[in-house]
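Report on the following structure.
Any value given below was found using the heavy atoms of this structure, including those in side chains, with hydrogens, waters and symmetry copies removed.
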Amino acid sequence: MSIKNRQVLKPYNNQGYFLYGNHTQPVGDVLTPRHESPFKSVYTLAGTANLGIPILGPMLTMGGAIIVPDSWRKLREFDRVVKKRIDQKHAIMIYPEAHVWPYYTKIRPFSDSAFHYPVQQQAPSFCVTTTYQKRRFGSKPRRTVYIDGPFLPKTGLNKKEQQEQLHQDIYNCMVARSKSSTYEYIKYKKKGEEV
């Protein structure tokens, strides 16, 4: 795996920020943030279903996963943990597509709600787009990860508009970067569609 444009993170090493990535590697997406920000603690938001993954699931929180609560009652504590990590100048990785699609080369739609936290914390965001290229030898593709940003909430907009604006900016950047994929290892098709 190679990482391009990592230097955009360097000026932000003395503050907390959010990273948004396309979710294409079941295990690799857990480890990739450590390579992007090697000198910073990176916490990853993960759904409660991930705790059920054999062997890896129970260890996720030890590796820096922040589990997204499955009830409204736990949301206040979750918000407090996210704020604490940003205040401690750490990075938080978010996969807004939610479910992993291995080796998928496009960007799937995701919700504005994924941008609640950078707006609430008024923190910078970066997009982390994983792309795939054919290897000279072997069948599995080579991964190239691009980091872009910072993306900041625009002043003069209300919170909902800031979330929409960040969503559009990051989504559009990820779509543009995804065009660097030159190899489709797994072909995805809609049910009933021919390849």
Checklist entry - Which atoms form the tightest heavy-atom contact between Lys134 and Thr182, and what is the distance? => result N-OG1, 4.1 Å

Checklist outcome for this item: Value for OH (Tyr146) from OG (Ser180), rounded to nearest 0.5 Å, stands at 4.0 Å

Next on the checklist: When you group the ILVMFWY residues by side-chain heavy-atom contacts below 4.5 Å and let the links chain together, are Val82 and Val68 in the same group?
Outcome noted: yes

Checklist entry - Rounded to the nearest 0.5 Å, what separation is found between the CE atom of Met174 and the CG atom of Asn22? => result 4.5 Å

Checklist entry - Between Pro11 and Asn14, what is the shortest heavy-atom contact and its length? => result O-OD1, 3.7 Å

Checklist entry - Run the side-chain contact (heavy atoms from CB on, under 4.5 Å) check on Phe78 and Leu45 step by step: do they pass? => result CA-CA 10 Å; Phe78 176 75; Leu45 298 191; 3.8 Å; yes

Checklist entry - Is it true that a side-chain atom of Arg6 and a backbone atom of Ile147 form a donor plus acceptor pair closer than 3.5 Å? => result no

Item to check | Spatial distance of atom OH (Tyr132) from atom CZ (Arg143) [nearest 0.5 Å] | outcome: 6.0 Å

Item to check | Approximate separation, where rounding is to 0.5 Å, of Thr105 OG1 and Tyr183 OH | outcome: 11.5 Å

Checklist entry - Going through the distances and angles, do Arg177 and Asn5 end up as a side-chain contact (heavy atoms from CB on, under 4.5 Å)? => result CA-CA 12 Å; Arg177 280 294 191 191; Asn5 209 27; 4.2 Å; yes

Item to check | CA sep, side-chain torsions, deciding dist, call: Ile92, Tyr117, side-chain contact (heavy atoms from CB on, under 4.5 Å) | outcome: CA-CA 10 Å; Ile92 295 181; Tyr117 291 103; over 6 Å; no

Item to check | Check: Met93 main-chain N/O paired with Thr44 side-chain donor or acceptor under 3.5 Å | outcome: no

Checklist entry - Can you check whether Asn158's main-chain N or O pairs, donor with acceptor, with Glu161's side chain at less than 3.5 Å? => result yes

Item to check | Test log, rule side-chain contact (heavy atoms from CB on, under 4.5 Å), inputs Asp148 and Val8 | outcome: CA-CA 7 Å; Asp148 292 290; Val8 298; over 6 Å; no

Next on the checklist: Set out, in order, the CA-CA distance, both residues' side-chain angles and the distance that settles ring-ring contact (aromatic ring centres under 6.0 Å, His included) for Phe115 and Tyr20, then state yes or no.
Outcome noted: CA-CA 9 Å; Phe115 300 90; Tyr20 287 86; 4.4 Å; yes

Next on the checklist: Can you tell me how the ring of His23 sits relative to the ring of Tyr95, calling it parallel under 30°, perpendicular over 60° and tilted otherwise?
Outcome noted: parallel

Item to check | NZ/NE/NH1/NH2 to OD/OE distance under 4.0 Å, Lys187 and Glu184 | outcome: yes

Checklist outcome for this item: When rounded to the nearest 0.5 Å, the distance separating CZ of Phe151 from CG of Asn172 is 9.0 Å

Checklist entry - If every non-hydrogen atom of Ile170 is compared with every non-hydrogen atom of Cys127, which pair is closest and at what distance? => result CG2-CB, 3.7 Å

Item to check | Hydrophobic cluster membership, Tyr103 vs Trp101, 4.5 Å side-chain cutoff | outcome: yes

Next on the checklist: Tell me if a side-chain donor or acceptor on Gln122 pairs with a main-chain N or O of Val119 at a distance below 3.5 Å.
Outcome noted: yes

Checklist entry - Is there a ring-ring contact (aromatic ring centres under 6.0 Å, His included) between Phe110 and His167 once you walk through the steps? => result CA-CA 8 Å; Phe110 46 81; His167 176 198; 5.1 Å; yes

Checklist entry - Would a 4.5 Å heavy-atom cut-off, applied to side chains only, mark Lys10 and Asn13 as touching? => result yes

Item to check | Qualifying salt bridge (charged side-chain N to carboxylate O under 4.0 Å, His left out) pairs, either residue in residues 92-111, two or more places apart | outcome: Glu97-Arg108

Next on the checklist: Using 0.5 Å steps for rounding, measure from the OG atom of Ser41 to the NZ atom of Lys89.
Outcome noted: 13.0 Å

Item to check | Under 3.5 Å donor-acceptor, Gln163 side chain and Asp112 backbone | outcome: yes

